[in-house]
Amino acid sequence: EAGVVQSPRYKIIEKKQPVAFWCNPISGHNTLYWYRQNLGQGPELLIRYENEEAVDDSQLPKDRFSAERLKGVDSTLKIQPAELGDSAVYLCASSTRQNRNTIYFGEGSWLTVV
Amino acid sequence: LAKTTQPISMDSYEGQEVNITCSHNNIATNDYITWYQQFPSQGPRFIIQGYKTKVTNEVASLFIPADRKSSTLSLPRVSLSDTAVYYCLVGEQNDYKLSFGAGTTVTVRA
């Protein structure tokens with residue numbers, strides 16, 4: 001069974017430029033998450049989807065971040081414009097509704113803003 | 001949400017057993033204890049989950065005393081490839097807002 005797939009793996013951009021990350025969750029997983037992980041810290045939740053509905057985006061900086069999950073499968077996380085402080089690893093994850101504390105993560109998208 | 005406390009780092013040598021204890025004094029009745037492992041340059045990976053007593057799988061064992069206020073993740077006979085960050089999380093099975101914290105960095109040396 002394929003795991004959570006993310007792309008790109010690495011991205012370097014200049015500040016004020018836009019960037020987008022793509023995620024394909026495990027087949028059949030209705031719940032999709034985007035996390036941000038700063039160096040030396042654990043992942044922090046940005047947004048959670050149940051199918052195509054964003055049910056918790058309270059931690060998403062909405063002035064520059066946006067996300068979508070069209071058709072309830074793949075998801076895209078966008079940052080526009082990027083700031084230096086956005087440099088981090090962006091992790092996509094998925095789970096079933098029945099067991100949300102067994103979360104399956106992708107390898108992450110490493111963003112460096114220069 | 002139950003708060004967890006675990007050591008920041010632990011060092012070990014190949015072949016030794018590594019035990020990481022996590023304190024969760026205010027664990028609730030419906031809370032489960034879940035451990036994740038994160039290798040450098042990868043996302044966290046679920047390794048084990050338990051509610052009480054002992055759980056064992058091919059990767060690790062999880063020991064939970066009767067009062068459930070702490071738990072110990074046991075990694076038998078570690079190898080260099082077990083060098084990773086280990087996170088202890090406590091919450092209900094439908095609790096999506098689990099906090100990962102900073103985890104315990106385990107370094108295995110030859």
Side-chain angles (χ1 to χ4, degrees), chain A residues 1 3-10 21 23-26 29-51 53-60 88-112, chain B residues 1-9 20 22 24 27-51 55 57 59-60 62 64 68 71 73 84-107:
Chain A
E1 179 183 285
V4 177
V5 179
Q6 293 187 245
S7 69
R9 189 83 168 89
Y10 302 96
F21 306 111
C23 172
N24 178 247
I26 292 174
H29 282 193
N30 302 94
T31 308
L32 183 145
Y33 315 76
W34 282 101
Y35 286 82
R36 177 170 58 190
Q37 185 171 25
N38 293 309
L39 189 65
Q41 300 179 22
E44 297 177 322
L45 181 67
L46 291 174
I47 188 169
R48 174 176 73 98
Y49 282 90
E50 291 295 339
N51 298 310
E53 183 181 359
V55 294
D56 183 359
D57 61 357
S58 58
Q59 302 302 312
L60 189 72
V89 180
Y90 292 85
L91 293 160
C92 180
S94 67
S95 70
T96 64
R97 278 200 207 93
Q98 293 76 17
N99 193 354
R100 291 201 187 99
N101 58 15
T102 305
I103 304 170
Y104 298 85
F105 285 84
E107 291 190 313
S109 293
W110 292 64
L111 174 66
T112 300
Chain B
L1 294 175
K3 181 180 177 179
T4 61
T5 302
Q6 54 183 122
I8 294 174
S9 63
I20 309 170
C22 179
H24 28 81
I27 189 169
T29 302
N30 295 330
D31 286 346
Y32 282 72
I33 300 153
T34 310
W35 286 80
Y36 283 79
Q37 173 190 55
Q38 186 174 24
F39 297 117
S41 303
Q42 295 186 23
R45 178 178 76 117
F46 168 89
I47 50 174
I48 200 165
Q49 181 180 83
Y51 183 80
V55 180
N57 62 21
V59 177
L62 179 60
I64 306 168
R68 303 203 324 125
S71 58
L73 177 73
V85 179
Y86 293 82
Y87 299 96
C88 168
L89 289 80
V90 173
E92 296 187 25
Q93 285 198 319
N94 62 354
D95 184 355
Y96 68 94
K97 276 193 169 180
L98 297 174
S99 172
F100 276 80
T104 297
T105 300
V106 172
T107 303

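A note on names: the letters A, B, ... follow the listed sequences, proteins ahead of strands, and every chain is numbered from 1.
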Under 4.5 Å from any heavy atom of chain B - which part of [X]:
| X | result |
| --- | --- |
| A:Ser109 | neither |
| A:Gln59 | neither |
| A:Tyr33 | side chain |

Could you have a look at A:Gln41, A:Glu44, A:Gln37, A:Arg48 and say which one has the most heavy-atom pairs with chain B under 4.5 angstrom?
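Highest number of pairs under 4.5 Å: A:Arg48.
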If you tally heavy-atom pairs under 4.5 Å against chain B, which of A:Val4, A:Val89, A:Thr96, A:Asp56 wins?
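The residue among A:Val4, A:Val89, A:Thr96, A:Asp56 with the greatest pair count is A:Asp56.
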Side chain from CB out, backbone as N, CA, C, O: work out which of these in [X] comes under 4.5 Å of a heavy atom of chain A, or both, or neither.
| X | answer |
| --- | --- |
| B:Thr105 | neither |
| B:Gln38 | side chain |
| B:Tyr36 | side chain |

Validation row, ring centre A:Phe105 to ring centre B:Phe100 under 6.0 Å:
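That pair passes the under 6.0 Å test.
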Quick check: do A:Ile103 and B:Pro44 have side-chain heavy atoms less than 4.5 Å from each other?
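Result no, sub-4.5 Å side-chain heavy-atom pair not found.
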Selection from B:Arg45, B:Gln42, B:Gln49 maximising heavy-atom pairs under 4.5 Å formed with chain A
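Among B:Arg45, B:Gln42, B:Gln49, the one with the most close pairs to chain A is B:Gln49.
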Looking at chain A, which one of B:Ala102, B:Gly103, B:Ser41 has the largest number of heavy-atom pairs inside 4.5 Å, strictly under?
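Looking at each option in turn, the highest pair count goes to B:Ser41.
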